[in-house]
Amino acid sequence: LVALASRLVPADVVQKLLLAGAMVAAAAGAARLVPTRGLAARAAAAALYAWNPFVYERLVMGHWGLLVSYAALPWAADAAVALRAAGAGPTTHVPSGALRRLVAALAVAAFGSPAGGVIAAGVVLCVVATPPWPGPGRAPLRRAGLVVASALVVNAPWLVPSLLRPGGVPARPAGAGAFASRPDGPLGTVGSLIGLGGIWNAQAVPPGLGSWPWLAGFTVVLAVMAAGVPPLLRRLEPGAAAGLLLAAGVGLVVAAAYAVPGLRVLVDLAVANLPGGGLVRDAQKFVAPLALVEAVAFGLGVERLLAASWGGPVERALRWRRLAAAGLVAAPVLLLPALAWGAAGRLAAVRYPPAFAEARAAMAADPVPGAVLVLPWHLYMTHPWNGDRVLLDPAQRWFTRRAVGNDDLELAGMTVPGEDPYGSRLGPLVRGSAPLGPALPAAGVRHVLLFKAGDWPAYRPRLAGLAPVVDRPELALYRVPGRPAAVRFATPPAVPVLAADLLAAAVALWAWTGLSLPVRPRRLVSSDRQSEGGHG
């Protein structure tokens, strides 16, 4: 979808729209899910959901796709609440509008990232299927089946090729421990996750997170959240509220599982033996449902505090109430000021040097087919032109030829093996000390791209006999003499994969083209309506 959009709009504009759109959609979705019309409550929920350590860490890690799914999560939950409410009548008919909204949100979550699609589907299923069930007979079961079917269809573009991959998707149990949630302060792993932090990468943790000033502020926010839980349980339909809390609890357990000795074994078994079990690696992402519940509860807690008696003259009480509302709404920003201005300057646009385009043009002009071997043999490197910041190997996205590099993830103290069979085949050759040229034609390699970063000088003597094509301060490109052999690897059958893509696209288009989003929040379902007007 990003590649298609970049054919119509410059790719950097597409990127900026995605990043900004995810933040706006996340805030708007959280505000809409709050069962009130009070402006302060909805603004507080929006601020907390879009401005927290989870968002900071995923932005710094470059996980924009997961943030797209994160932005779709409150919309999916809201559609699930509407779908559940539609089952409270005497008929089992599912309104088309509620179903379209549900499928549209699930599609955005699934297209953003596989893990995000699973998380959104899990939250929706919890909301729809948790008792007590409204409606007669088998209506709740039918709606739950409809959710499962919709989720399977919109997730089919990654489910089908994964399930049909010859030999299955490689299982890497070592990755579960490497990517397990970590404590980022004195609260331990579970406390860090409740604070929406706990990511495995210490370099992505926001500055000041877990410090004593942050803990003091977060304690206040946590108390306001606790005050908002009773209104949440009263104003939403009981099963829907219980479903949201269930999803948050399950997500927290999955995120913290590797820190619990009894659950650690189950995580390893799931990663090694269950299809798709690798999704539980990098488990901190499963706190997304908890972030949603915390945001909604925080908003209702703000409204509850503002509705309390402030004493004194009316004008003074109103003035203090407005100041308190502004402070509470701004609390997430005050707790995490480092998220402002592109993570305090950590995120900035960087232009690729002209040498990249020159190398791409040279390879495109060569009529002889074959892959391009990327050196140094590392997945992540620092480049001088990028301010010596760590960068994921860009070759697979920059060049039209098949780029073969090392996709092993090198961590401190361990290496998680990669999954690319081409890289696994060339790994022993590259890690050796012999000249590379004689063995490359049989391996199907036509070009060698040498990034001048890291330990690149060690590779240059091994490229003797190759024809230099481009030599710039940032990179060098070499052509391998002779015609490379054709190299093929087993792939999933094309017909079912394309059929899954087309089916998911058709269902998503059906949902998006008929979508109608009401602007006002839904009506409340309990007698707790006296405070609907809010004090915002």
Side-chain angles (χ1 to χ4, degrees), residues 2 57-66 113-115 158 162 165 169-180 199-204 271 278-279 281-282 284-285 346-347 350 352-353 355-356 359-360 371-432 436 440 443-445 447-460 462-463 474-477 487 489:
V2 172
E57 291 165 353
R58 296 299 166 171
L59 274 175
V60 170
M61 292 282 288
H63 295 174
W64 62 268
L66 181 61
S113 69
W158 67 266
S162 299
R165 186 180 190 271
V169 176
R172 307 299 188 212
F179 302 122
I199 199 166
W200 60 273
N201 186 355
Q203 296 181 2
V271 173
L279 289 175
R281 300 193 312 186
D282 189 9
Q284 188 254 3
K285 59 180 173 283
R346 292 186 67 177
L347 302 177
V350 177
Y352 281 89
F356 277 76
R360 179 168 58 189
V372 52
L373 174 65
V374 182
L375 300 175
W377 196 243
H378 304 291
L379 181 61
Y380 287 91
M381 288 180 288
T382 60
H383 296 260
W385 53 266
N386 191 37
D388 288 324
R389 286 173 287 193
V390 178
L391 177 68
L392 176 68
D393 177 14
Q396 293 189 9
R397 295 151 188 82
W398 244 98
F399 304 111
T400 54
R401 288 177 182 261
R402 171 72 157 89
V404 186
N406 183 11
D407 70 333
D408 294 346
L409 186 55
E410 299 163 308
L411 302 172
M414 69 175 302
T415 297
V416 180
E419 301 174 355
D420 181 12
Y422 212 157
S424 299
R425 177 183 294 187
L426 287 175
L429 172 65
V430 178
R431 293 188 182 98
L436 295 173
L440 292 180
V445 175
H447 293 88
V448 176
L449 181 71
L450 178 64
F451 289 127
K452 295 183 179 180
D455 55 347
W456 72 273
Y459 291 92
R460 201 149 204 175
R462 302 179 61 194
L463 302 179
E474 300 84 12
L475 58 81
L477 179 68
V487 175
F489 295 92

Peer 1: Looking at Asp420 and Arg425, is there a salt bridge between them, counting it only when a charged N and a carboxylate O are closer than 4.0 Å?
Peer 2: no
Peer 1: Apply side-chain contact (heavy atoms from CB on, under 4.5 Å) to Leu392 and list each qualifying residue two or more places apart in sequence or on a separate chain.
Peer 2: Leu379, Tyr380, Arg397
Peer 1: Start with the C-alpha distance between Val430 and Tyr459, add both sets of side-chain angles, then the distance that settles side-chain contact (heavy atoms from CB on, under 4.5 Å), and finish with yes or no.
Peer 2: CA-CA 9 Å; Val430 178; Tyr459 291 92; 4.0 Å; yes
Peer 1: Please name the pair of heavy atoms, one in Pro376 and one in Ala453, separated by the smallest distance, quoted to 0.1 Å.
Peer 2: CG-O, 3.3 Å
Peer 1: Are the side chains of Phe451 and Leu375 in contact, using a 4.5 Å heavy-atom criterion?
Peer 2: no
Peer 1: Given side chains that start at C-beta, do those of Leu440 and Leu429 come closer than 4.5 Å, heavy atoms only?
Peer 2: yes
Peer 1: List the steps and the verdict of side-chain contact (heavy atoms from CB on, under 4.5 Å) for Val487 and Arg402.
Peer 2: CA-CA 11 Å; Val487 175; Arg402 171 72 157 89; over 6 Å; no
Peer 1: For residues Ala204 and Glu57, report the shortest heavy-atom separation together with the two atoms involved.
Peer 2: O-CG, 3.2 Å
Peer 1: Just wondering, do Val416 and Arg281 contact through their side chains at under 4.5 Å, heavy atoms?
Peer 2: yes
Peer 1: Begin with the C-alpha distance, continue with both residues' side-chain angles, and end with the deciding distance and a verdict on side-chain contact (heavy atoms from CB on, under 4.5 Å) for Val390 and Met381.
Peer 2: CA-CA 5 Å; Val390 178; Met381 288 180 288; over 6 Å; no
Peer 1: With sequence neighbours excluded, what pairs up with Arg346 under the side-chain contact (heavy atoms from CB on, under 4.5 Å) test?
Peer 2: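 If we apply the side-chain contact (heavy atoms from CB on, under 4.5 Å) test to Arg346, skipping adjacent residues, the hits are Tyr56, Val60, Ala343.
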Peer 1: Please report the closest heavy-atom contact between Val374 and Ala403, naming both atoms and the distance.
Peer 2: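 Shortest heavy-atom separation between Val374 and Ala403 comes out as CG2-CB, 4.1 Å.
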Peer 1: Please tell me whether His378 and Glu410 have a donor and an acceptor in their side chains that are separated by less than 3.5 angstrom.
Peer 2: yes
Peer 1: Given side chains that start at C-beta, do those of Leu436 and Leu463 come closer than 4.5 Å, heavy atoms only?
Peer 2: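 In short, these two side chains touch, coming nearer than 4.5 Å.
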Peer 1: What's the separation between atom CZ in Phe356 and atom CG in Leu477, rounded to the nearest 0.5 Å?
Peer 2: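 Phe356 CZ to Leu477 CG: 11.5 Å, rounded to 0.5 Å.
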Peer 1: Look only at the side chain of Arg460 and the backbone of Pro457, and say whether a donor-acceptor pair between them is shorter than 3.5 Å.
Peer 2: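 Answer holds: no.
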Peer 1: Using a 4.5 Å cut-off on heavy atoms from C-beta on, say whether the side chain of Asn406 contacts that of Arg431.
Peer 2: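 Answer yes - side chains close enough.
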Peer 1: Determine whether Phe399 and Pro394 make a side-chain contact, defined as any pair of heavy atoms from C-beta on separated by less than 4.5 Å.
Peer 2: no
Peer 1: Would you name the heavy atoms of Arg462 and Gly432 that are closest together and state the gap between them?
Peer 2: NH1-O, 2.8 Å
Peer 1: Is there a donor-acceptor pair closer than 3.5 Å between any side-chain N or O of Asp388 and the backbone N or O of Thr382?
Peer 2: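 Such a contact is absent between Asp388 side chain and Thr382 backbone.
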Peer 1: Under 3.5 Å, side chain of Asn386 to main-chain N/O of Arg389, donor-acceptor pair present?
Peer 2: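 Looks like yes, one N/O pair under 3.5 Å.
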Peer 1: Would you please classify the geometry between the Trp385 ring and the Tyr352 ring as parallel, tilted or perpendicular, with 30° and 60° separating the classes?
Peer 2: tilted
Peer 1: Identify the two heavy atoms, one from Ala371 and one from Val404, that lie closest to each other, and give their separation to 0.1 Å.
Peer 2: CB-CG2, 3.9 Å
Peer 1: Taking all atoms of both residues into account, what is the closest heavy-atom pair of Leu475 and Ala359, and its distance?
Peer 2: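 Heavy-atom minimum between the residues: CD1-CB, 4.1 Å.
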Peer 1: What's the verdict on side chain to side chain donor-acceptor pair (under 3.5 Å) for Gln396 and Arg401, showing C-alpha distance, side-chain angles and the deciding distance?
Peer 2: CA-CA 8 Å; Gln396 293 189 9; Arg401 288 177 182 261; over 6 Å; no
Peer 1: Could you tell me whether the side chain of Leu373 reaches within less than 4.5 Å of the side chain of Leu426, counting heavy atoms only?
Peer 2: yes
Peer 1: Is any side-chain heavy atom of Leu409 less than 4.5 Å from a side-chain heavy atom of Thr415?
Peer 2: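 Side-chain contact under 4.5 Å: no.
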Peer 1: Measure the CH2-CZ distance between Trp398 and Arg360 for me, rounded to the nearest 0.5 Å.
Peer 2: 4.0 Å
Peer 1: With under 30° as parallel and over 60° as perpendicular, where do the rings of Phe179 and Trp200 fit, or are they tilted in between?
Peer 2: perpendicular
Peer 1: Taking Gly65's backbone N and O only, do any of them form a donor-acceptor pair with Arg58's side chain (distance below 3.5 Å, no angle check)?
Peer 2: no
